[in-house]
Asker: 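The structure under discussion is supplied below as structure tokens; questions concerning it will follow.
No hydrogens, no waters, no symmetry mates; every other heavy atom, side chains included, goes into these values.
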Amino acid sequence: TTRVSLMLVISGGGNSGAENWNLGSWSPLTAEQINQFIASKSPDSPFNGRGDVCVEAAKQSGLDPRYILAHAALESGWGTSNYAVNRNNYFGVGAFDSNPDNAYTFGGSDKLDGLANGIIEGAKWVSKYYYNGKYGQTTVNKMRHSGANHDYCTSDTWVGKIASIMNAMPDNTKISYEEAPEASVP
């Protein structure tokens with residue numbers, strides 16, 4: 001017999017290093033898990049009850065739903081900014097420091113359809129021009145510090161703020177090995 005002193009532990013939360021996670025690789029989250037997180041962080045957000053939009057945006061863009069929500073929450077003040085409300089722009093797309101009114105408008109005149117369209121189309125835009133773009137900006141850190149004059153934003157705190165939101169969200173596949181009581185294996 002062999003004595004085994006390891007056990008597999010699967011747990012949620014406790015994510016670290018979100019700034020360097022590959023945004024195209026993630027554990028599936030349910031709309032309900034996302035809804036619970038949104039309700040706990042921003043109870044009055046128009047994102048409440050719309051976890052399904054983050055799940056759909058992840059499917060269509062190939063990006064981590066935690067990242068999609070974190071980026072949209074940060075750039076739009078949890079869906080309450082002028083550009084979010086009036087242009088369905090939840091990612092700050094086109095809102096340059098020198099000309100924020102250049103922000104893109106993502107279609108959908110109905111508030112709920114507009115929110116869904118804005119998040120889904122915004123995530124697809126980020127995927128196309130950053131994650132799958134010619135600079136291979138596959139992490140939040142690379143999106144900010146590309147080294148090729150193709151940074152998503154100019155804020156020195158952007159990476160840390162997005163990573164902080166991502167780190168607080170559920171993680172269904174955090175796997176680690178911890179010491180366990182010894183067991184005999186035949």
Asker: Below 4.5 Å, heavy atoms only, C-beta onward: do Phe91 and Tyr104 meet side chain to side chain?
Answerer: no
Asker: Considering non-hydrogen atoms only, spot the tightest contact between Ile165 and Ala73 and give its length.
Answerer: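 In this case the closest contact between Ile165 and Ala73 is CD1-CB, 4.4 Å.
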Asker: Tell me every residue that passes side-chain hydrogen bond (donor to acceptor under 3.5 Å, both in side chains) with Tyr130, counting only those two or more places apart in sequence or in another chain.
Answerer: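 If we apply the side-chain hydrogen bond (donor to acceptor under 3.5 Å, both in side chains) test to Tyr130, skipping adjacent residues, there are no hits.
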Asker: Just jot down the side chain to side chain contact (heavy atoms under 4.5 Å, CB included) partners of Ser164, sequence neighbours excluded, or say none.
Answerer: none
Asker: Determine the sole option in Phe106, Tyr83, Phe47 for which the side chain to side chain contact (heavy atoms under 4.5 Å, CB included) test with Tyr90 is passed.
Answerer: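 Single side chain to side chain contact (heavy atoms under 4.5 Å, CB included) partner of Tyr90 among Phe106, Tyr83, Phe47: Phe47.
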Asker: One pair to check against side chain to side chain contact (heavy atoms under 4.5 Å, CB included): Leu69 and Trp78. What are the steps and the verdict?
Answerer: CA-CA 9 Å; Leu69 177 61; Trp78 288 91; 4.2 Å; yes
Asker: Strictly distance-based, threshold 3.5 Å: is any side-chain N or O of Arg87 a donor or acceptor partner for the main-chain N or O of Asp101?
Answerer: yes
Asker: Considering non-hydrogen atoms only, spot the tightest contact between Pro65 and Cys54 and give its length.
Answerer: CB-O, 4.0 Å
Asker: From His71 NE2 over to Met166 CE, what is the distance, rounded to the nearest 0.5 angstrom?
Answerer: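 Spacing of NE2 (His71) from CE (Met166) equals 11.5 Å.
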Asker: Is it the case that the side chain of Ser40 and the backbone of Phe37 share a donor-acceptor pair, with hydrogens and angles ignored and the cut-off at 3.5 Å?
Answerer: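 A pair under 3.5 Å: yes.
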Asker: Could you check if a side-chain atom of Tyr67 sits within less than 4.5 angstrom of a side-chain atom of Trp21, using non-hydrogen atoms only?
Answerer: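 No, every pair of side-chain atoms sits at 4.5 Å or beyond.
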Asker: How would you list, by chain and number, every residue that makes a side chain to side chain contact (heavy atoms under 4.5 Å, CB included) with Ala57, sequence neighbours excluded?
Answerer: Ile68, Ile119, Ile120, Ala123
Asker: Listed by chain and number, what are the side chain to side chain contact (heavy atoms under 4.5 Å, CB included) partners of Ser155, not counting sequence neighbours?
Answerer: Cys153, Thr157, Trp158
Asker: How long is the span from the CG atom in Asn86 to the OG atom in Ser81, to the nearest 0.5 Å?
Answerer: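 Taking CG in Asn86 and OG in Ser81, the distance rounds to 8.5 Å.
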Asker: Kindly list each side-chain donor-acceptor pair under 3.5 angstrom involving residues 93-100, sequence neighbours excluded, with atom names and distances?
Answerer:
residue : atom : partner : partner atom : Å
Asp97   : OD2  : Thr154  : OG1          : 2.4

Asker: Using the side-chain hydrogen bond (donor to acceptor under 3.5 Å, both in side chains) criterion, which residues pair with Asn89? Sequence neighbours excluded.
Answerer: none
Asker: Which pairs count as salt bridge (Lys or Arg N to Asp or Glu O under 4.0 Å) when at least one residue sits in residues 31-44, sequence neighbours excluded?
Answerer: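 Those involving residues 31-44 do not exist here.
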Asker: Residues two or more places apart in sequence or in another chain: which of them pass side-chain hydrogen bond (donor to acceptor under 3.5 Å, both in side chains) with Asn132?
Answerer: Ser127
Asker: Quick one: are Thr105 and Asn88 in side-chain contact, heavy atoms under 4.5 Å?
Answerer: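 Not touching, per the 4.5 Å side-chain cut-off.
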Asker: To the nearest 0.5 Å, how far apart are NE2 in His145 and CD in Glu19?
Answerer: 10.0 Å
Asker: Mark yes or no for whether Asn117, through its side chain, and Asp113, through its backbone, hold a donor-acceptor pair below 3.5 Å.
Answerer: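 Side chain of Asn117 to backbone of Asp113: no pair is present.
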Asker: Is Thr30 close to Ile34 at the side-chain level, that is, under 4.5 Å between some pair of heavy atoms?
Answerer: no
Asker: Give a yes or no on whether the backbone of Val53 and the side-chain of Glu56 come within a donor-acceptor separation of less than 3.5 Å.
Answerer: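 Here the side-chain-to-backbone pair does not exist.
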Asker: Tell me which donor-acceptor pairs under 3.5 Å the side chains of residues 134-143 have, and how far apart each pair is, sequence neighbours excluded?
Answerer:
residue : atom : partner : partner atom : Å
Gln137  : OE1  : His150  : ND1          : 2.6
Gln137  : NE2  : Lys142  : O            : 3.0
Gln137  : NE2  : His150  : O            : 2.8
Thr139  : OG1  : Asn141  : N            : 3.4
Thr139  : OG1  : Lys142  : N            : 2.9
Asn141  : ND2  : Asn20   : OD1          : 3.4

Asker: If you measure from CZ on Arg66 to CG on Leu29, what distance do you get to the nearest 0.5 Å?
Answerer: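 Between atom CZ of Arg66 and atom CG of Leu29 there are 5.0 Å.
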Asker: Taking the side chain as C-beta and beyond, is there a heavy-atom pair between Pro46 and Thr80 under 4.5 Å?
Answerer: yes
Asker: Return the set of residues passing side chain to side chain contact (heavy atoms under 4.5 Å, CB included) with Ala31 (not counting sequence neighbours), or none when no residue passes.
Answerer: Asp52, Val55
Asker: Any salt bridge (Lys or Arg N to Asp or Glu O under 4.0 Å) pairs touching residues 67-76, not counting sequence neighbours?
Answerer: none
Asker: Which pairs count as salt bridge (Lys or Arg N to Asp or Glu O under 4.0 Å) when at least one residue sits in residues 152-162, sequence neighbours excluded?
Answerer: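 The answer is Arg144-Asp156.
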Asker: Looking at Ala18 and Asn167, what are the two nearest heavy atoms and their distance?
Answerer: CB-OD1, 3.2 Å
